[in-house]
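Written out below as structure tokens is the structure these notes cover.
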4 protein chains.
Amino acid sequence: MICQLDFQSDIPIYEQICRQVKFAIGNGTLRAGDHVPSVRELAVQAAVNVNTVARAYRDLQAQGILVSIRGTGLAVSPEAPSRCRDDRLEMIRARLSTLLREAILSGIEMDEIRSLVDAEWSRLHKEVRASKAV
Amino acid sequence: MICQLDFQSDIPIYEQICRQVKFAIGNGTLRAGDHVPSVRELAVQAAVNVNTVARAYRDLQAQGILVSIRGTGLAVSPEAPSRCRDDRLEMIRARLSTLLREAILSGIEMDEIRSLVDAEWSRLHKEVRASKAV
Amino acid sequence: MICQLDFQSDIPIYEQICRQVKFAIGNGTLRAGDHVPSVRELAVQAAVNVNTVARAYRDLQAQGILVSIRGTGLAVSPEAPSRCRDDRLEMIRARLSTLLREAILSGIEMDEIRSLVDAEWSRLHKEVRASKAV
Amino acid sequence: MICQLDFQSDIPIYEQICRQVKFAIGNGTLRAGDHVPSVRELAVQAAVNVNTVARAYRDLQAQGILVSIRGTGLAVSPEAPSRCRDDRLEMIRARLSTLLREAILSGIEMDEIRSLVDAEWSRLHKEVRASKAV
DNA sequence: GTGGTCTAGACCACG
DNA sequence: GTGGTCTAGACCACC
């Protein structure tokens, strides 16, 4: 699992880690039962404080996404895949909602939004596919 | 100018004030040369500390949205209206971009996004129109 | 006498008025014994609060630049012309000094300063001459 | 980093701090990536309130001079060094410009300015060299 | 430990 | 009346 972090983002590092794990589960990179990297391993890989990874994993356990398996570390729970997908969809719906509300209030038209969505989608789709190819 | 603040939001109050002022300029409620309410006045209206309003206004000055007219208060700068609209569009584009990127990474399809956008847009549009009617 | 004010400058309006009067005396536009416009007249002309002009004139009286002539208003004092010129020269010398000190500390060379002075001088000279022609 | 403040100056303290930081970056005392002292630390060192330092740092962030590294403090941005140097030259040019404009308006001649510049420059040059020798 | 937010209140210059 | 500066102190999230 690769972990791309943005240290200057206003989203906390631990939260970014949580999301990336959920991404990986949501799109099938991680499946139910798979082990996630150990806290120390991921901390080194991502050049991050161990506590930060620990907190992310703690949150994911609390959400039932990860389960602890005695002596071997943490693994993706059976319910995680479907749950991740639902969670993501709901989170996206919520953020989209506030985004659109602001767009309406600042006088932007539906057409502008639609074309923005289409343009960004195709741009990002290419970008993501390219990075996977690597 | 009305100022609706959400004290529970994770967006700082001063930032919310900035945005509302920009909204008001963007959609023509405030025009170039208009005075904004005094810091004290808005502070009372919004039930917020004077310094908080002052900070918002200071940021807006730094961004060239407001200009200080010595002893008489702050006014909307000539460039503000066009600038606000551009800024808003760009901000929305940027947030939409990260939103869509996450959607792609978590395995959501374009169709789902499109229908979400349409559904939310029409829902919000009614809501906003209703609140204006009041 | 024309009075060009910059309402967005960080120099107070009353101070700008003082300087402009001194300019006018320094370069011969106003001579010893000439009347300056009345407080109200100048306030209207310059679109400024009456108190502001009053304060400027008060300061100029305190400095002996203007003298009050009973019933007729304020006039340029006999000593003003030479004094204005000396004052200005000294003020310019002082500000030039701090400016050059910072230039030296930030590693700028004498040649750069000399060429800056020459370039700005000729640019401003044209500009000023043009505005007088109007 | 040393921070020399003048509490009598009419330049706000936070502004003085900004300048000193920029100066330190401009002349290489602080390099890209270096951490600046923490707000609390500098506040103690300079005998100033924490908020005052915080405001200076916040302004520097808004200008892109400093970047925040979550939980670890603030660091000099990669673009800062070149930017700081350009800023200083431009600041000097701007102040020279207003200085010369006033000189022209008050009837001072180019020769007088030139000799002033030469005289002050050589005087200050000696002074600065002497203080460095110490 | 770090910075960020918010409050409260004093003081000042300007118009 | 206006905004601007500074102080003091509380609380929070993050690492």
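Side chains are part of it too, since the values below use all heavy atoms of this structure and drop only hydrogens, waters and symmetry mates. By convention in this document, chain letters (A, B, ...) are assigned in the order of the sequence lines, proteins followed by strands, and residues within each chain are numbered from 1.
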Among the candidates [options], find the nucleotide nearest to the side-chain atoms of [X].
X     : options              : value
D:L74 : F:dG3, F:dC6, E:dG3  : E:dG3
B:N51 : E:dA8, F:dT7, F:dG3  : E:dA8
B:S38 : E:dT7, F:dC15, F:dT2 : F:dT2
B:P12 : E:dG3, E:dC6, F:dC6  : E:dC6

In whole Å, what is the span from the [atom1] atom of [X] to the [atom2] atom of [N]?
X     : N      : atom1 : atom2 : answer
D:Q8  : E:dC12 : CD    : P     : 13 Å
B:D59 : E:dT5  : CG    : P     : 9 Å
B:L60 : F:dG3  : CG    : P     : 13 Å
B:H35 : F:dG3  : NE2   : C1'   : 12 Å
B:L66 : F:dT2  : CG    : P     : 16 Å
C:N49 : E:dG15 : CG    : P     : 9 Å
C:I11 : E:dG15 : CD1   : P     : 12 Å
B:D6  : E:dC6  : CG    : P     : 12 Å

Flag the pair [X] / [Y] as yes when at least one side-chain heavy-atom distance between them is below 4.5 Å, and no otherwise.
X      : Y      : result
D:L100 : D:E102 : no
C:P37  : C:Y57  : yes
A:V36  : A:L30  : yes

Determine: side-chain N/O of [X] to OP1/OP2 of [N], distance under 4.0 Å, yes or no.
X     : N      : result
D:R70 : F:dC14 : no
B:Q61 : F:dG3  : no
D:R55 : F:dC6  : no
C:Y14 : E:dC14 : yes

For E:dC14, the Watson-Crick or wobble counterpart (both distances under 3.5 Å): F:dG1

Along DNA chain E (nearest heavy atom to each residue), the more 5'-positioned of B:V48 and C:T52: B:V48

Touch class at under 4.0 angstrom, heavy-atom based, for B:R40 against every strand present: base

Touch class at under 4.0 angstrom, heavy-atom based, for D:I13 against every strand present: sugar-phosphate

OG on B:S68 to CD on C:Q8, rounded to 0.5 Å: 8.0 Å

Test: D:R58 and B:D59 ion pair at under 4.0 Å: yes

